[in-house]
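Everything numeric in this text was worked out from a predicted model, so none of it was measured. Quick note: residue numbers are just sequence positions, from 1. Quick note: numbers below take in every heavy atom, side chains included, and nothing from hydrogens, waters or symmetry partners. Counting starts at 1 for both ligands and their atoms, in listed order.
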Amino acid sequence: MYVKNFEEISKEEVGIAGGKGANLGELTQAGIPVPPGFVITSETYRKFMTETGIFDKVMDLLKPVDVNNNKELQYVAKKIKLLITSTEIPRDIQTVIIEAYNALGEKTGVEETDVAVRSSATAEDLPEASFAGQQDTFLHIQGVKQLLKYVRMCWASLFEARAIFYREENNFEHSKVYIAVAIQEMVPSEKAGVMFTVNPSTGENVALIEGSWGLGEAVVSGTVTPDTYYVDKKTNGILSVSVADKKKMFVRKPNGSTFEDNVPDDMRNKRVLSDEELIELNEMGKRIQAHYQVPQDTEWAFYKDKLFLLQSRPITTLGNESKSEDSDVVGDREVLIKGLGASPGLGSGEVKIITKIQELDKVKEGDILVTTMTTPDMVPAMKRADGIVTDEGGITSHAAIISRELGISCVVGTGEATSTLKENDIVTVDGKKGFVYEGEVKAPTGSQDATQTVVQSVSAPILTVTDVKVNVSMAEAAAKAAATDADGVGLLRTEHMILATGVHPKKFILEGRENELVDTLVENILKVVDVFYPKTVWYRTLDAPTDEFQTLEGGENEPHEHNPMLGWRGIRRELDEPEILAAEFKAIKKLHDKGYTNVGVMVPLVQHPSELKKAKDIAESVGLRPHVDVEFGIMVETPGAALIIEEFIDVGLDFISFGTNDLTQYTLAVDRNNELVSKHYTEEHPAILKLIKYVIEKCNEAGVTTSVCGQAGSIPKIVEKLVEFGISSVSSNTDAVADVRRTVAKAEQKLLLNYVRNTSKRD
Ligand code: PEP
Ligand code: MG
């Protein structure tokens with residue numbers, strides 16, 4: 001059978017409908033109102049491959065491939081995908097698909113129904129399980145021509161390079177791989193949101209419902225603060241209603257794409273869900289939970305007053321919050337102020353408010369340093385502190401980066417610490433939650449107080465194919481970073497080393513003391529490359545924002561910029577001051593000549609390939625040969641660089657590393673150091689993930705290594721996605737390496753297990 005409607009599919013039919021298709025069928029059969037659709041069965045794929053004669057061609061192409069030769073693998077994968085996407089689907093199959101699509105149009109009342117086209121692996125049965133390349137989903141597809149095109153794209157995704165690699169490595173036969181494709185109506189909802197069938201924080205038996213106007217994307221992506229409702233599971237009693245000011249909504253354009261719009265004024269503060277709708281949702285939640293026998297995390301939508309369920313999966317975080325290791329400790333302590341948790345751990349001590357550098361001596365061993373924002377001059381005092389609290393800044397600000405590296409708990413962006421906290425009062429900084437409590441709070445034994453667990457060594461080594469590296473910003477923190485057993489340094493920042501000298505690098509050059517600058521750099525970098533030898537250390541050339549370099553001796557002439565984050569920094573500045581860049585390359589060459597062949601060079605903030613080319617020329621001019629002596633790469637931290645990554649590849653690259661701190665601020669137009677907009681700052685925004693995925697795909701095709709060294713590399717949820725996208729390594733903060741390694745291992749195993757299940761069920 002070529003196609004089957006959702007109504008005809010049960011969960012046992014994973015073999016022909018794939019995991020996703022079977023799940024949608026199961027829900028439909030259980031009477032849950034999922035948007036209508038059908039599945040193009042795995043048998044159809046098989047017929048397409050055999051009847052068109054491309055099956056044998058594909059197998060022949062695969063036979064001689066050496067999967068360890070990345071270029072060859074990429075080439076063959078591309079060729080196969082092209083073969084599949086350019087081969088016409090046999091008439092009889094086309095007819096059946098078109099008929100099913102037209103029948104769907106009759107159901108929805110729309111001629112060219114807007115649909116999602118989703119790959120559905122034939123034995124997928126893990127929630128959220130995915131195998132890289134096999135889970136391609138295409139949204140907003142309209143019309144027969146487009147539909148047939150994207151169905152073939154789903155089929156072709158079975159032959160992504162990574163998928164071929166896994167099959168070869170694990171002795172699975174390519175000829176036994178099948179894939180189904182689920183076609184489902186996209187609902188242009190008037191209101192939508194999420195529902196947890198129990199309270200996800202406490203496990204309490206109440207439904208937690210969040211809703212906003214327009215498409216569900218607004219709630220799921222966190223673009224809007226939605227209304228929140230709690231409903232008693234048993235009695236349907238509405239326990240609480242909190243109506244938010246909903247500024248944004250996603251709506252569908254006539255061509256099927258979506259765009260973000262302002263919510264009309266009269267709807268912004270209007271309650272989204274009526275009591276009747278909440279009860280309807282609650283009843284549906286109960287049915288789904290009863291069906292699956294475990295609490296569910298669902299996405300719902302109302303369209304023309306009809307309720308639809310778009311997605312349902314088990315709640316994975318259940319109980320985590322209530323078991324959080326330090327929640328008990330807080331007891332009934334008063335929270336004095338809140339900010340962003342920037343470096344985990346609990347630190348207690350006397351408050352010392354620093355408004356001028358001259359006051360730094362006030363901070364004694366074990367005190368809490370409170371200031372507007374830390375500067376490099378404060379590092380010695382920061383080292384003495386047991387906790388740090390700032391008024392300003394985000395989680396990638398100076399205070400945040402340095403305190404993570406030093407293993408000191410830190411809360412940033414409180415807005416008012418220097419005016420609210422009182423000098424000499426005893427407080428506790430909770431750098432995980434972002435709270436400052438009154439008095440001293442001790443971490444319970446066995447909990448993760450950052451000061452004790454910065455180095456989270458693991459007794460049995462965890463092996464991962466994706467490398468887990470570490471970020472280093474201070475030479476003196478290198479040993480601690482190396483003790484994590486990281487697979488190298490994915491980002492060695494230069495700025496903090498230079499700032500620590502107290503002298504502006506330009507001053508060295510102007511006074512003819514270039515040698516001193518080179519020697520200082522050699523001395524600092526040496527400490528890192530030595531402790532990590534033979535693991536690679538990617539040295540990032542200077543990324544000096546003018547505001548941070550003003551305080552240095554010789555920094556008086558730094559320009560005063562309106563927004564230094566968007567200004568004269570990174571490689572654009574270095575190309576204007578090539579003597580400094582040349583001095584850095586001389587330092588790297590010296591180290592290379594000493595036998596430290598484990599150093600690589602990474603150029604920050606590029607936005608045009610000519611910048612990469614010029615940087616390489618400067619390296620050549622001092623005798624350092626890019627790609628020969630040292631690996632040479634760029635940081636991808638501007639959308640500009642991400643979108644034309646192919647052109648950078650053409651100039652020649654060994655690797656790229658995502659600087660997600662900057663990539664996030666430049667993609668979302670959110671200043672990373674401005675706490676007023678910090679709630680809008682998230683690396684999980686779909687636009688950022690889309691840019692990252694695109695760059696990884698292009699780099700993988702070209703055999704360029706990929707990594708991430710921004711904060712996203714320390715966030716397990718994002719790391720899991722990056723592994724699925726096919727990233728080669730991730731680089732984390734010292735305190736996060738162990739966690740990230742576990743996340744990477746789990747993500748890799750999940751991909752593999754999913755693959756094994758898919759194939760074994762078909763055998
Ligand atoms: C980044 O932008 O993600 C990054 C790692 O660089 P920095 O934080 O130093 O700008
Ligand atoms: Mg950056």
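Protein heavy atom in closest approach to atom 6 (O) of ligand 1: R540 NH1, 3.1 Å. Ranking protein heavy atoms by distance to atom 8 (O) of ligand 1, first place goes to R672 NH2, 2.7 Å.
Listed by chain and number, the protein N, O or S atoms at a distance under 2.8 Å from the Mg ion (ligand 2) are E637 OE1, D662 OD2.
If you look at Q665 next to ligand 1, there are no close heavy atoms at all, none under 4.0 Å. With a 4.0 Å heavy-atom cut-off, ligand 1 is reached by the side chain of L491 but not by its N, CA, C or O.
Judged purely by distance below 3.5 Å, without hydrogens or angles, the side chains of W568 and E561 never pair a donor atom with an acceptor atom. For the residue pair N733 / S714, a side-chain donor-acceptor distance below 3.5 Å is found, with atom types taken as modelled. Using modelled atom types, one finds no donor on one side chain facing an acceptor on the other under 3.5 Å when comparing N700 with E160. Side chains of R404 and Q711: a donor-acceptor N/O pair is present below 3.5 angstrom, by distance only.
Backbone and side-chain nitrogen or oxygen atoms of Q711 are examined, and none is located within less than 3.5 angstrom of a nitrogen or oxygen of ligand 1. In terms of N/O distances under 3.5 Å, ligand 1 is approached by N661.
For ligand 1, the atoms lying closer than 4.0 Å to a non-hydrogen atom of R569 are 10 (O). Atoms of ligand 1 found under 4.0 Å from any heavy atom of M635 (numbered from 1 in listed order, with element): 4 (C), 5 (C), 6 (O). Less than 4.0 angstrom separates some heavy atom of D662 from each of these atoms of ligand 1: 1 (C), 2 (O), 3 (O), 10 (O). Those atoms of ligand 1 with a heavy atom of E637 less than 4.0 angstrom away are 1 (C), 2 (O), 4 (C), 6 (O).
Taking the ring centroids of H496 and H398, they lie under the 6.0 Å cut-off.
In this structure, K527 places its NZ atom where more than 12 heavy-atom neighbours from other residues, nucleotides or ligands lie under 6.0 Å away.
For D391 (side chain) and T414 (main-chain N/O), no donor-acceptor pair under 3.5 Å exists by modelled atom type. No donor-acceptor distance shorter than 3.5 angstrom exists from the side chain of T743 to the backbone of P716, with no hydrogens or angles considered.
Taking A544 as the reference, L542, F549, R573 meet the side chain to side chain contact (heavy atoms under 4.5 Å, CB included) condition, with sequence neighbours excluded. Applying the side-chain hydrogen bond (donor to acceptor under 3.5 Å, both in side chains) rule to K383 yields the partners E476; only residues at least two apart in sequence or on another chain are considered. Every residue meeting the side-chain hydrogen bond (donor to acceptor under 3.5 Å, both in side chains) condition with S707, not counting sequence neighbours, appears here in chain and number order: S729.
Assignment of M602 to the shell around ligand 1 is not supported, since no heavy atom sits closer than 4.0 Å.
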